[in-house]
Amino acid sequence: MTANECIKGRRSIRKFTDQPVSHELLARIVETASYAPSWKHTQIVRYIAVEGAKKAALAKCTSIFPGNGRIMENAPMVIAVTMIKGRSGYERDGSFSTPKGDRWQMYDAGVAGEAFCLAAYEQGLGTVIMGLFDEEEATKLLELPEDRELVALIPVGYPDETPAAPRRKAVEDLLSYQS
């Protein structure tokens, strides 16, 4: 599969089969995703694979958008994408390296999250990136240390649907040139 095929072929999957995701396969996907670029190679993203009873409890942290809870219940595994706070976009003395301030760390987390989803797709898995959940409740449930922040939840599994590609904006709407 070429990068072009991978990027254009990946879809957000919301229905999964019962087939579990092996821990060995997940480790290979995370190893691939670890090659995502990051600010000064800080590699701040950490993944937590959530299964079983804890996954069911995590699905209840979605009262903001109950549909996300149903998707998580249907998936064999949910990946909690977390980041180590205060590193990406910062200097060693704690000052910001960029005028973006603490927002740069979310950029790095987003790049890593998409790299994870593309690596999963290449291995035949489906994913959907979720941002609507009760962050405080989910953070407590996952017992994250103080230096970590929950960024997104990604249900992952073998797809039980093949959604069509949504319409895309024309290149002319997305690209401009300046001289």
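Count residues from 1 along the sequence.
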Roughly how far apart are Thr17 OG1 and Glu161 CD, rounded to 0.5 Å? 11.5 Å
Donor-acceptor pair, Gln43 side chain versus Ser34 backbone, under 3.5 Å? yes
More than 12 heavy atoms from other groups under 6.0 Å of CD on Glu91: yes
I'd like to check Thr42 versus Gln105 (side-chain heavy atoms, cut-off strictly below 4.5 Å). Are they in contact? no
Test side chain to side chain contact (heavy atoms under 4.5 Å, CB included), reference Val78, set Glu51, Lys55, Lys54, output is Lys55
To the nearest 0.5 Å, what is the distance between CG on Leu58 and CD1 on Ile48? 9.5 Å
Heavy-atom pair of closest approach, residues Ala115 and Ala36: CB-CB, 3.8 Å
Is Lys40 reaching over with its side chain to a backbone N or O of Arg87, donor-acceptor style, under 3.5 angstrom? no
Can you give me the closest heavy-atom contact between Pro155 and Ala75, atom names plus distance? CB-CB, 3.7 Å
Find out whether Lys100 and Tyr107 are in side-chain contact, i.e. whether some heavy atom of one side chain is under 4.5 Å from a heavy atom of the other. no
With the 4.5 Å side-chain cut-off for hydrophobic clustering, are Phe16 and Ile29 part of the same group? no
Nearest 0.5 angstrom please: Thr139 OG1 to Leu150 CG, how far? 4.5 Å
Within the supplied structure, the quantity of interest is the number of heavy atoms (other residues, nucleotides, ligands) at a distance under 6.0 Å from Lys140 NZ; does it exceed 12? no
Is Val111 reachable from Val45 through a run of hydrophobic residues whose side-chain heavy atoms are each under 4.5 Å from the next? no
At their closest point, which heavy atom of Tyr121 faces which heavy atom of Glu5, and how far apart are they? CE2-O, 4.2 Å
Quick one: closest heavy-atom pair of Thr32 and Ala119, and the distance? CG2-CB, 3.8 Å
For the CG atom on Asp173, are there more than 12 heavy atoms of other groups (residues, nucleotides or ligands in this structure) within a distance under 6.0 Å? yes
Quick one, Thr98 with Trp39, criterion side-chain contact (heavy atoms from CB on, under 4.5 Å). Give me CA distance, side-chain angles, the key distance, then yes/no. CA-CA 10 Å; Thr98 167; Trp39 179 274; 3.8 Å; yes
Please assess Ile71 against Asn68 for the test side-chain contact (heavy atoms from CB on, under 4.5 Å), listing each intermediate value before the final yes or no. CA-CA 5 Å; Ile71 295 165; Asn68 282 352; 4.2 Å; yes
Rounded to the nearest 0.5 Å, what's the gap from CG on Leu125 to CG on Leu25? Could you check? 5.0 Å
Side chains of Arg168 and Leu174: closer than 4.5 Å at any heavy-atom pair? no
Flag yes if Ile44 and Ile79 sit in one hydrophobic cluster, no otherwise; membership is Ile, Leu, Val, Met, Phe, Trp, Tyr, and two members link when side-chain heavy atoms are under 4.5 Å apart. yes
Does Arg46 CZ have over 12 foreign heavy atoms under 6.0 Å away? yes
Does a donor on one side chain sit under 3.5 Å from an acceptor on the other, for Asp93 and Ser95? yes
Ignoring hydrogens, what is the shortest heavy-atom contact between Ser88 and Trp104? Give both atom names and the distance. OG-CD1, 3.3 Å
Distance check, rounded to the nearest 0.5 Å: Ile129 atom CD1 versus Cys117 atom SG? 4.0 Å
Determine, step by step, whether Phe133 and Met72 satisfy the side-chain contact (heavy atoms from CB on, under 4.5 Å) criterion, reporting the C-alpha distance in whole Å, the side-chain angles of both residues, the deciding distance to 0.1 Å, and the verdict. CA-CA 11 Å; Phe133 53 87; Met72 288 195 298; 5.8 Å; no
Do Ile13 and Met130 land in one hydrophobic cluster if side-chain heavy atoms of ILVMFWY residues count as linked below 4.5 Å? yes
Go through the steps for Met106 and Met83 under the test side-chain contact (heavy atoms from CB on, under 4.5 Å), then give the verdict. CA-CA 8 Å; Met106 288 299 281; Met83 67 181 173; 3.5 Å; yes
First locate atom CE of Met77, then atom NE2 of His23, and finally report the distance between them rounded to the nearest 0.5 Å. 4.5 Å
If you take all heavy atoms of Pro76 and Gln19, which pair is closest and at what distance? CG-O, 3.5 Å
Taking side chain as C-beta onward, heavy atoms only, is Asn74 less than 4.5 Å from Lys15? yes
Are Val128 and Ile154 co-members of a hydrophobic cluster defined by side-chain heavy atoms under 4.5 Å apart? no
Scan side-chain atoms only and decide if Arg148 and Thr82 contain a donor-acceptor pair under the 3.5 Å cut-off. yes
Would you say Ile7 and Leu118 make side-chain contact, with heavy atoms under 4.5 Å? yes
Is it true that Phe96 and Tyr90 have ring centroids separated by less than 6.0 Å? yes
